[in-house]
Amino acid sequence: MALSKFAGLLLLLLLFIGRAVHASGASFFDQNYYIRWGFDHVASLDTGREVQLSMDASSGSGFESKKSYGSGFFNMEIKLPGSNSAGVVTTFYLTSHEDRHDELDFEFLGNREGKPIFLQTNVFADGVGNREQRILLWFDPTADFHSYKVLWNDHQIVFYVDDVPIRVFKNNTQIGVPYPTQPMQIEASLWNGDDWATDRGRTKIDWSYAPFRAHYRGFDISGCESQGHDTHRCHSSAYQWNSREHWALDKEQERQLEDARKNFMNYDYCTDRSRYPVPPPECL
């Protein structure tokens with residue numbers, strides 16, 4: 001009898017460990033995501049651990065998370081389309097679906113062969129965006145996978161490339177700056193942006209290089225699932241990304257951010273006086 005109880009407890013323990021390892025390991029795409037559009041332009045690779053989005057003249061493609069989230073660390077490993085990708089936009093972002101929506105963007109702006117690919121980030125809050133920043137990546141993002149991550153909590157939003165912070169957007173609601181608070185889904189897409197993405201739309205897509213292909217992997221999600229429109233519980237300190245250590249960058253991260261901005265920043269809305277003769281309040 002004792003042996004039978006022990007065996008039963010051992011089986012439950014093994015099942016629990018198996019689930020925990022599976023949840024924290026390399027997740028399969030269809031555990032947390034589904035194809036949203038361009039169904040015939042999406043391919044599952046490595047038994048579901050990798051997804052390829054493709055685009056040709058007929059269509060692009062995209063996917064999104066099954067659930068919405070109110071805070072978290074959101075990470076994706078991406079390998080961008082190679083060759084002449086001018087006008088091609090590859091994305092990874094969080095977005096709500098309200099009329100005055102919130103959104104946190106990674107947008108990779110393709111370019112001609114031998115020219116740099118820009119990474120543009122943007123923050124929308126309460127329907128207001130136009131907060132673009134662009135950096136030159138310090139590696140070839142078409143040669144291999146790299147990690148792109150967003151931290152979102154009630155204190156700050158941080159964009160990371162390979163764990164290097166490249167942008168911080170602080171919660172400045174106390175001075176009237178809107179801050180993202182709506183539940184957001186995670187989305188990714190590959191689409192035609194040649195009316196603006198490269199040389200302000202002057203360089204168009206060369207369709208002779210189609211289909212263009214972007215690869216995604218790392219489908220685990222470290223986020224607080226929202227319950228309806230209420231994200232209050234997602235601010236709990238029980239979540240690691242809400243702990244005090246994530247309220248601000250540490251000294252090393254501040255140094256990394258400063259170096260990235262100094263060496264790789266190509267555009268910052270905060271310093272664009274043609275658009276903002278008076279800098280937005282979050283820039284001061």
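Along the sequence shown, residues are numbered consecutively beginning with 1. Only heavy atoms go into these numbers, but all of them, side chains included; no hydrogens, no water, no symmetry mates.
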>> As an exercise, state the distance from CZ of Phe106 to CZ of Phe159, rounded to the nearest 0.5 Å.
In response: 6.0 Å
> Do Phe108 and Phe118 have ring centres separated by under 6.0 Å?
Replying inline: no
> So which heavy atom on Leu257 is nearest to which on Arg167, and how close?
Replying inline: CD1-N, 3.5 Å
> Does any N or O in the side chain of Thr231 come within less than 3.5 Å of the main-chain N or O of Gln182, such that one atom is a donor and the other an acceptor?
Replying inline: no
> Heavy-atom distance under 4.5 Å between the side chains of Phe28 and Tyr33, does that happen here?
Replying inline: no
>> Using 0.5 Å steps for rounding, measure from the CZ atom of Phe169 to the CD1 atom of Ile157.
In response: 6.0 Å
> Between Glu258 and Arg261, is the closest basic N to carboxylate O distance under 4.0 Å?
Replying inline: no
> When you measure from the side chain of Asn172 to the backbone N and O of Ile175, does any donor-acceptor pair fall under 3.5 Å?
Replying inline: no
>> Consider ring pair (Phe, Tyr, Trp, His ring centres under 6.0 Å). Of Trp241, Tyr239, Phe73, Trp152, which one does His246 pass it with?
In response: Phe73
> Is Val278 linked to Tyr276 within one hydrophobic cluster, defined over Ile, Leu, Val, Met, Phe, Trp and Tyr using a side-chain heavy-atom separation of less than 4.5 Å?
Replying inline: no
>> Once rounded to the nearest 0.5 Å, what's the spacing between atom OG of Ser68 and atom CD of Gln227?
In response: 10.5 Å
>> Taking Ile78 as the starting point, is it possible to reach Leu94 by hopping between hydrophobic residues whose side chains are less than 4.5 Å apart?
In response: yes
> Out of curiosity, Ser71 OG to Glu225 CD, how far, rounded to the nearest 0.5 Å?
Replying inline: 11.0 Å
> Do you know which two heavy atoms are closest between Met55 and Ala210, and how far apart they sit?
Replying inline: O-CB, 4.1 Å
> Taking side chain as C-beta onward, heavy atoms only, is Leu119 less than 4.5 Å from Ile166?
Replying inline: yes
> Any chance the side chains of Glu50 and His215 put a donor and an acceptor closer than 3.5 Å?
Replying inline: yes
> Does NZ or CZ of Arg217 fall inside the cone over Phe145's six-membered ring, less than 6.0 Å from its centre and within 45° of the axis?
Replying inline: yes
>> When you measure from the side chain of Arg131 to the backbone of Val123, do you find a donor-acceptor pair of N or O atoms at a distance under 3.5 Å?
In response: yes
> Around Arg273, counting heavy atoms of other residues, nucleotides and ligands shown, do more than 12 lie under 6.0 Å from its CZ?
Replying inline: yes
> Is the closest side-chain donor-acceptor distance between Tyr269 and Glu132 under 3.5 Å?
Replying inline: no
> Charged N to carboxylate O under 4.0 angstrom, Glu282 versus Lys170?
Replying inline: no
> Taking atom types as modelled and ignoring hydrogens, do the side chains of Asn242 and His235 form a donor-acceptor contact shorter than 3.5 angstrom?
Replying inline: no
>> Could you tell me if Asp220 and Ser27 have a donor-acceptor pair between their side chains, going purely by distance under 3.5 Å?
In response: yes
> Which heavy atom of Leu190 sits nearest a heavy atom of Ala214, and at what distance?
Replying inline: CD2-N, 4.0 Å
>> Nearest 0.5 angstrom please: Leu109 CG to Thr90 OG1, how far?
In response: 9.0 Å
> Given the side-chain rings of Tyr34 and Phe29, with only the six-membered ring counted for Trp, is the space between their centroids under 6.0 Å?
Replying inline: no
> Would a distance-only check, ignoring hydrogens and angles, find a side-chain to backbone donor-acceptor pair under 3.5 Å from Ser236 to Arg233?
Replying inline: no
> Would Leu249 end up clustered with Trp247 when hydrophobic side chains under 4.5 Å apart are linked, directly or stepwise?
Replying inline: no
>> Check for me, please, whether Phe92 and Phe124 land in the same ILVMFWY cluster - side-chain distances under 4.5 Å, paths through other members count.
In response: no
> If you measure only the distance, is there a donor-acceptor pair under 3.5 Å linking the side chains of Ser54 and Arg213?
Replying inline: no
> Between Asn84 and Tyr209, is any side-chain donor less than 3.5 angstrom from a side-chain acceptor?
Replying inline: yes
> Is a donor on one side and an acceptor on the other found under 3.5 Å between the side chain of Asp194 and the backbone of Ile205?
Replying inline: yes
>> Return the CZ to CD1 distance between Phe74 and Ile221, rounded to the nearest 0.5 Å.
In response: 7.5 Å
> Looking at Tyr148 versus Tyr160, is the centre-to-centre ring distance below 6.0 Å?
Replying inline: no
>> Is it the case that the side chain of Asn153 and the backbone of Gln156 share a donor-acceptor pair, with hydrogens and angles ignored and the cut-off at 3.5 Å?
In response: yes
>> Check whether Asp162 reaches the backbone of Val164 with its side chain - one donor and one acceptor, N or O, closer than 3.5 Å.
In response: no
> Got a donor-acceptor contact below 3.5 angstrom from the Thr198 side chain to the Gly87 backbone?
Replying inline: yes
> Is His97 atom NE2 crowded by more than 12 heavy atoms from other residues, nucleotides or ligands, each under 6.0 Å away?
Replying inline: yes
>> Looking at Lys79 and Asp144, is there a salt bridge between them, counting it only when a charged N and a carboxylate O are closer than 4.0 Å?
In response: no
> For atom NZ of Lys115, is the number of surrounding heavy atoms from other residues, nucleotides or ligands below 6.0 Å larger than 12?
Replying inline: no
>> I'd like to know if the side chain of Tyr69 and the backbone of Ile186 have a donor-acceptor N/O pair within less than 3.5 Å.
In response: no
> Cut-off 3.5 Å, side chains only: do Ser243 and Ser237 have a donor facing an acceptor?
Replying inline: no
> Looking only at side chains, do Ser147 and Asn75 share a donor and an acceptor under 3.5 Å apart?
Replying inline: yes
> For atom CD of Glu98, is the number of surrounding heavy atoms from other residues, nucleotides or ligands below 6.0 Å larger than 12?
Replying inline: yes
> More than 12 foreign heavy atoms under 6.0 Å from NZ of Lys67: is that the case here?
Replying inline: no
>> Less than 4.5 Å apart, side chain to side chain, heavy atoms only: is that true for Arg112 and Asp206?
In response: yes
> Within the distance-only criterion (no hydrogens, no angle test), does the side chain of Asn266 pair as donor or acceptor with the backbone N or O of Leu136 below 3.5 angstrom?
Replying inline: no
